[in-house]
Student: 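This is the structure, below, for whatever I ask next.
Heavy atoms only: backbone and side chains are in, while hydrogens, waters and symmetry mates are out. Counting from 1, the numbers follow the sequence of the chain as shown.
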Amino acid sequence: NDSKDLNGTVRGATTYVYLNDAGTGTVTVCIVNTYAAEVTKVEDGTITLSDADLEFDVEGYDEEDVVLFTKSTNDGVNYSVESILGVAERVEGEATTVRVEDRVVVGDTTYRYSYRFNDEKGDMLGLENVDQTVAFYLDKQGNIIMIDDAVESNDFAYVYSIGMLNQYGDQVYGAKL
């Protein structure tokens with residue numbers, strides 16, 4: 001009944017419980033966290049991740065892919081990649097509801113943030129994102145693990161007039177915005 005080993009069970013983590021000996025009833029608890037990072041370099045069967053330039057020998061990924069992975073450490077400082085879980089699923093759509101640092105509703109689906117949310121590409125979505133097109137990546141459990149830039153752009157210009165800018169010599173055309 002000692003639950004201190006379960007303190008690391010958080011949204012986005014996978015918890016494995018192994019029965020050590022049926023006679024004593026002792027168990028081993030293993031908590032595996034999922035992280036997200038962008039592939040920054042691919043060279044000779046090795047990818048480099050944006051998370052502290054971690055490297056892992058694997059093929060089938062391209063630069064700018066966002067991948068899900070697990071990592072481990074023996075000292076709490078130096079990490080190594082244990083496994084690449086695959087390319088993260090990307091979701092893009094209009095955010096109809098945003099609860100700051102908690103959840104986002106796109107379409108008919110509610111997405112919550114992973115405990116291991118990576119803010120490398122942007123902070124969690126805020127109230128200013130309601131009724132805006134948003135994009136983010138999901139972990140394997142369907143939690144938001146990283147924000148991405150939405151393809152839609154709100155940058156636009158009104159063209160007031162067009163015509164020739166130079167009356168003398170070369171013909172140069174332009175636009176007044």
Side-chain angles (χ1 to χ4, degrees), residues 1-22 24-40 46-58 60-61 64-130 132-150:
N1 290 338
D2 186 2
S3 65
K4 69 178 168 58
D5 290 335
L6 300 178
N7 289 339
T9 57
V10 292
R11 184 176 292 128
T14 302
T15 304
Y16 299 94
V17 180
Y18 300 98
L19 183 60
N20 291 340
D21 184 356
T24 64
T26 60
V27 297
T28 299
V29 176
C30 181
I31 300 169
V32 179
N33 288 297
T34 299
Y35 300 85
E38 185 174 331
V39 176
T40 58
T46 299
I47 62 172
T48 303
L49 302 178
S50 58
D51 184 339
D53 291 328
L54 291 172
E55 293 183 342
F56 192 72
D57 293 334
V58 66
Y61 297 97
E64 297 184 6
D65 281 349
V66 173
V67 296
L68 301 172
F69 68 100
T70 62
K71 61 183 177 179
S72 66
T73 181
N74 288 329
D75 59 11
V77 176
N78 300 303
Y79 287 87
S80 62
V81 175
E82 290 298 318
S83 63
I84 300 292
L85 304 175
V87 175
E89 178 185 349
R90 186 175 184 276
V91 173
E92 182 172 338
E94 183 179 321
T96 55
T97 302
V98 174
R99 297 285 184 257
V100 179
E101 297 184 13
D102 182 44
R103 63 182 173 266
V104 178
V105 177
V106 174
D108 293 332
T109 306
T110 300
Y111 300 95
R112 295 184 176 274
Y113 288 97
S114 168
Y115 181 77
R116 298 294 177 191
F117 173 78
N118 181 339
D119 62 0
E120 160 187 321
K121 288 186 135 189
D123 294 330
M124 292 181 177
L125 299 172
L127 296 177
E128 68 278 2
N129 298 109
V130 174
Q132 300 293 318
T133 299
V134 298
F136 47 81
Y137 293 97
L138 303 176
D139 65 14
K140 292 289 187 184
Q141 297 176 9
N143 300 302
I144 300 171
I145 196 153
M146 183 186 282
I147 298 296
D148 194 21
D149 294 328

Student: Under the 3.5 angstrom rule, does the side chain of Ser83 hit a backbone N or O of Leu85 as a donor-acceptor pair?
Tutor: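 Here the side-chain-to-backbone pair does not exist.
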Student: Verify whether one side chain among Thr73 and Asp75 offers a donor that lies under 3.5 Å from an acceptor in the other.
Tutor: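 Yes.
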Student: Of the non-hydrogen atoms in Leu138 and Ile145, which two are nearest, and what is the gap between them?
Tutor: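 Looking at all heavy atoms of both residues, the shortest contact is C-CG2, 3.9 Å.
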Student: Closest heavy-atom contact between Tyr61 and Val87?
Tutor: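 That closest heavy-atom pairing would be CE2-CG2, 3.7 Å.
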Student: Looking only at heavy atoms, which two atoms of Asn20 and Val27 are closest? And how far apart?
Tutor: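 What the structure gives for the nearest pair is ND2-C, 3.7 Å.
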Student: Is it true that a side-chain atom of Asn129 and a backbone atom of Gly126 form a donor plus acceptor pair closer than 3.5 Å?
Tutor: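 Yes: the side chain of Asn129 pairs with the backbone of Gly126.
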Student: Any side-chain heavy atom of Tyr137 within less than 4.5 Å of one from Asp148?
Tutor: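 When only atoms from C-beta onward are counted, Asp148 and Tyr137 do touch, with a gap below 4.5 Å.
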Student: If you take the centroid of each ring, where Trp contributes its six-membered ring, are Phe56 and Phe69 closer together than 6.0 Å?
Tutor: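 When the ring centroids of Phe69 and Phe56 are compared, they turn out to be at least 6.0 Å apart.
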Student: Do the side chain of Asn118 and the main chain of Met146 share a donor and acceptor less than 3.5 angstrom apart?
Tutor: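 A pair under 3.5 Å: no.
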Student: For Ala13, does its backbone N or O pair with a side-chain atom of Gln141 as donor and acceptor, under 3.5 Å?
Tutor: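 Pair found, side chain donor or acceptor close to backbone of Ala13.
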Student: List the atom of Asp139, the atom of Gly12, and the distance in Å for their closest heavy-atom pair.
Tutor: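 Asp139 and Gly12 have their closest heavy atoms at OD2-CA, 3.6 Å.
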Student: Hey, what's the ring geometry for Phe117 with Tyr113, parallel, tilted or perpendicular (30° and 60° as the breaks)?
Tutor: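 Ring orientation, 0 to 90° scale: perpendicular.
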